[in-house]
Amino acid sequence: MDTQTSTRTPPPEPRTFGFYVGGQPVAAGEREVFERASPGHGVPVTRIPTCSAQDVDMAVAVAREAFEDRRWSGLSGADRAAVLLKTADIMRARLDEIAYWESLENGKPIAQARGEATGCIGMFEYAAGLARALHGDSFNNLGDSMFGLVTREPVGVVGLITPWNFPFLILCERVPYILASGCTMVTKPSEMTSATTLMLAEILTEAGLPDGVMNVVTGPGSTVGTAMTEHMDIDMLSFTGSTAVGRLCVEASARSNFKKLGLELGGKNPQIVFADADLEDAADGVAFGIAFNTGQCCVSGSRLIVERSVADEFARLVADKMSKIRIGDPLDENTQAGAITTDAQNRVIMSYIAKGQEEGATLAYGGEQLDLGMGQYVSPALFTGVTGDMAIARDEIFGPVLTVQEFDTVDDAIAIANDTVYGLAASVWTKNIDKALTVTRRVKAGRFWVNTTLSGGPELPLGGFKQSGWGREAGMMGVEEYTQVKSTHIEIGKRSPWVDG
Ligand code: NDP
């Protein structure tokens, strides 16, 4: 147990981690070490080895051996479930420690990090049930001489590449489902946020996961990530991050071994607000939807599409909510929005705020770099007078930047909502069931919220339409995604001969 968890200040010295292969940490040795500074405080907090392509080879070879000798895939669903449940228990005992390191590396509020880690425990518990429930199908209607079986088998060695915005949550939306399927894996967290992934590997070992089933390589995407996308012995790659890198994953798969891909990519998600909505409720949800995790969220509601008759009033309500959000030290229990996670992302956000004004939109609220005497913080920005051709309305900014567009009819609202290459998530606010159902049917998005936003859990699958990705994570579909289907025809009795005589 780390003694820093209760002090609520950054650690006096950065914590040193190894990467993780074969059930144990591997020290950096001769490798370079990446020192990660807390974005909320600007002080070094972790030291992580920079792995090489050879380290990826080593980790994949270990995962391959663990898969082929069936030390995990050969267990019953009940035995796999026991490990996942034990993992959940240990996570619960180490909740504060996980939240502390997540908050330090990512810059998110510690209370939020704790909430996310609590949700992650639920993911493991739910996936434990799925390990037992996973099943195939049978065909008893093929005539007396034939019986058909459809079975699911784990796909093999899975590569998992995760981003820095929800290092632990996104990890746990995938790992327990991958393990429930019987696969083995090699994970690469973002170099910015490796600590909690390494902690999960350690917890899994403690919970009884056989060595070599879950391995973690650390280092930058440009080298370690690329080595994984091109690897000939990774059977499936699950990637979460930008659409640009998602495209590279597709190209690398085609160039290498046609590995199966699961992709969760960018979003430019609409928040459609009708005049008949509970506007107070909707304004709260819209402010939350863009400021939560400082807008560094693939499902952030970054495009407010509001009925013209209430647009001015609603923009004022949202600005008022934004002005009351508590932004500050991620380690303060009262903070609602913490730091921007990386310098690069901070620059991207500020450049879009400048661009929005150059494009002619009105910065109606916020959008300032806040000087808290440490770290990098931005107040949520509200842009009115936005048109659909502006970059701020089209690009995934990945920051607390909300654009406002107005509509007159249901058809207009749907057309504006669908005017994007993305299709990850959408929200609609109305008390009219016809409007709610029409919009949820016709807006192209993998996740929908009606009169709420950003809620979730282990039961419902996640994933995107259009350029937001391929496949689904979580829920039973999230386990099935990591399986392949085998159809078996079984002859009963003597086969009718093909060759005469
Ligand atoms: P990336 O897509 O670059 O990073 C996501 C993950 O992919 C990280 O682990 C990263 O490693 C890794 N990676 C980077 N390059 C490669 C590569 N060539 N091959 C394989 N893996 C790679 O996102 P960024 O972190 O740079 O963020 C850029 C933008 O992406 C954001 O502004 C946002 O728009 C979007 N994004 C979307 C997310 C989502 O959940 N949909 C999540 C994160 C970002 P490393 O970080 O170590 O370099």
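Position 1 is the first residue of the sequence, and the numbers go up from there. Please read all numbers here as calculations on a predicted model, not as lab measurements.
- Within the 3.5 Å criterion, the main-chain N or O of C120 finds no donor-acceptor partner in the side chain of E125.
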For R174 and T240: C-alpha separation, side-chain torsions, deciding distance, then whether side chain to side chain donor-acceptor pair (under 3.5 Å) applies. CA-CA 10 Å; R174 287 141 183 82; T240 305; 3.1 Å; yes

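- No side-chain heavy atom of T50 sits under 4.5 Å from any side-chain heavy atom of T218.
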Any chance you could lay out the side chain to side chain contact (heavy atoms under 4.5 Å, CB included) test for F239 and L265, step after step, and finish with the verdict? CA-CA 8 Å; F239 170 81; L265 310 174; 3.6 Å; yes

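- When atom types are taken as modelled, the side chain of K260 and the backbone of E481 share a donor-acceptor pair closer than 3.5 angstrom.
- Using a 4.0 Å cut-off between charged side-chain N and carboxylate O, K486 and E153 make a salt bridge.
- Here the side chains of T430 and V428 are in contact, with some heavy-atom distance below 4.5 Å.
- Proximity of a side-chain donor or acceptor of D55 to a complementary backbone N or O of S52 within less than 3.5 Å is detected.
- Proximity of I48 to E191: side-chain heavy atoms (C-beta onward) are nowhere separated by under 4.5 Å.
- Minimum heavy-atom separation, A113 to A99: CB-O, 3.6 Å.
- Side-chain N or O atoms of S103 include none that pairs as donor or acceptor with a backbone N or O of Y100 at under 3.5 Å.
- In this pair, F398 and W164 present their aromatic rings perpendicular. The plane angle is above 60°, beyond the 30 to 60° band.
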Please step through salt bridge (Lys or Arg N to Asp or Glu O under 4.0 Å) for the pair E202 and R94, ending with a clear verdict. CA-CA 12 Å; E202 188 184 288; R94 291 178 66 174; 2.9 Å; yes

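- Heavy atoms from other residues, nucleotides or ligands lying under 6.0 Å from NZ of K466 number more than 12.
- Under a 3.5 Å cut-off, the side chain of N418 and the backbone N or O of K444 do form a donor-acceptor pair.
- Within the 3.5 Å criterion, the main-chain N or O of A28 finds a donor-acceptor partner in the side chain of R31.
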Intermediate values then yes/no, side chain to side chain donor-acceptor pair (under 3.5 Å), S468 and E264: CA-CA 6 Å; S468 290; E264 194 188 330; over 6 Å; no

Between Q24 and D211, is a side chain to side chain contact (heavy atoms under 4.5 Å, CB included) present by the stated rule, with each step listed? CA-CA 8 Å; Q24 51 194 344; D211 294 348; over 6 Å; no

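- Between D233 and N257 the shortest side-chain heavy-atom distance does not fall below 4.5 Å.
- Classification of R394 and D419 as a salt-bridged pair holds, one side-chain N sitting under 4.0 Å from a carboxylate O.
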Side chain to side chain contact (heavy atoms under 4.5 Å, CB included), that's the test. Do F166 and Q296 meet it? Break it down for me. CA-CA 9 Å; F166 291 96; Q296 298 175 121; over 6 Å; no

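- A side-chain donor-acceptor contact under 3.5 Å links T184 to the backbone of A63.
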Using the rule given for salt bridge (Lys or Arg N to Asp or Glu O under 4.0 Å), can you reason through E480 versus R472, listing the C-alpha separation, both sets of side-chain angles and the distance that settles it, and then say yes or no? CA-CA 9 Å; E480 289 175 353; R472 292 294 178 267; over 6 Å; no

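- Ion pairing between a basic and an acidic side chain is recognised when a charged N comes within 4.0 Å of a carboxylate O; D89 and R92 show such pairing.
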Decide side chain to side chain contact (heavy atoms under 4.5 Å, CB included) for F168 and T193; before the verdict, give the C-alpha distance in whole Å, the side-chain angles of both, and the deciding distance to 0.1 Å. CA-CA 9 Å; F168 200 63; T193 52; over 6 Å; no

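- Here E105 does not pair with R36 in a salt bridge; the nearest charged N to carboxylate O distance is not below 4.0 Å.
- Under 4.0 Å is where a charged nitrogen must lie from a carboxylate oxygen, and between E230 and R255 at least one such pair does.
- Evaluated for a side-chain contact (heavy atoms from CB on, under 4.5 Å) with Y20, the options V186, V26, T205 yield exactly one hit, T205.
- Counting heavy atoms from C-beta outward, T151 and V485 have side chains that stay 4.5 Å or more apart.
- In terms of heavy-atom proximity, T229 sits nearest to T226 at OG1-O, 2.9 Å.
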Could you go through the salt bridge (Lys or Arg N to Asp or Glu O under 4.0 Å) check for E68 and R64 one step at a time? CA-CA 6 Å; E68 298 301 340; R64 171 61 58 195; 2.7 Å; yes

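- Environment of CD in E32: sparse, with no more than 12 heavy atoms of neighbouring residues, nucleotides or ligands closer than 6.0 Å.
- Salt bridge absent: R303 and E396 never bring a charged side-chain N and a carboxylate O closer than 4.0 Å.
- Although no hydrogens or angles enter the test, the distance criterion places a donor-acceptor pair under 3.5 Å between the side chain of K268 and the main chain of D395.
- Within the 4.5 Å cutoff, no side-chain heavy atoms of F19 are placed close to those of P25.
- Counting heavy atoms from C-beta outward, Q376 and T341 have side chains that stay 4.5 Å or more apart.
- At a threshold of 4.5 Å between non-hydrogen side-chain atoms, the residues M390 and F383 do not count as touching.
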S238 and E473: CA distance, side-chain angles, deciding distance, side chain to side chain donor-acceptor pair (under 3.5 Å) verdict: CA-CA 9 Å; S238 168; E473 306 285 355; 3.1 Å; yes

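- A side-chain N or O of E102 and one of T196 form a donor-acceptor pair less than 3.5 Å apart.
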Would you check, one step at a time, whether the test side chain to side chain donor-acceptor pair (under 3.5 Å) holds for S455 with W449? CA-CA 8 Å; S455 49; W449 292 285; 3.2 Å; yes

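- Shortest non-hydrogen contact noted between T453 and S427 is OG1-OG, 2.9 Å.
- Under 3.5 Å, the side chains of N269 and Y422 contain no donor-acceptor pair of N or O atoms.
- Here Y126 pairs with nothing under the side chain to side chain donor-acceptor pair (under 3.5 Å) rule; sequence neighbours left out.
- Closest of all the heavy-atom pairs between Q405 and T387 is NE2-C, 4.1 Å.
- The 12-atom threshold is not exceeded at CZ of R70, counting heavy atoms of other residues, nucleotides or ligands nearer than 6.0 Å.
- Between the CG atom of N165 and the OG1 atom of T294 there is a distance of 9.0 Å, given to the nearest 0.5 Å.
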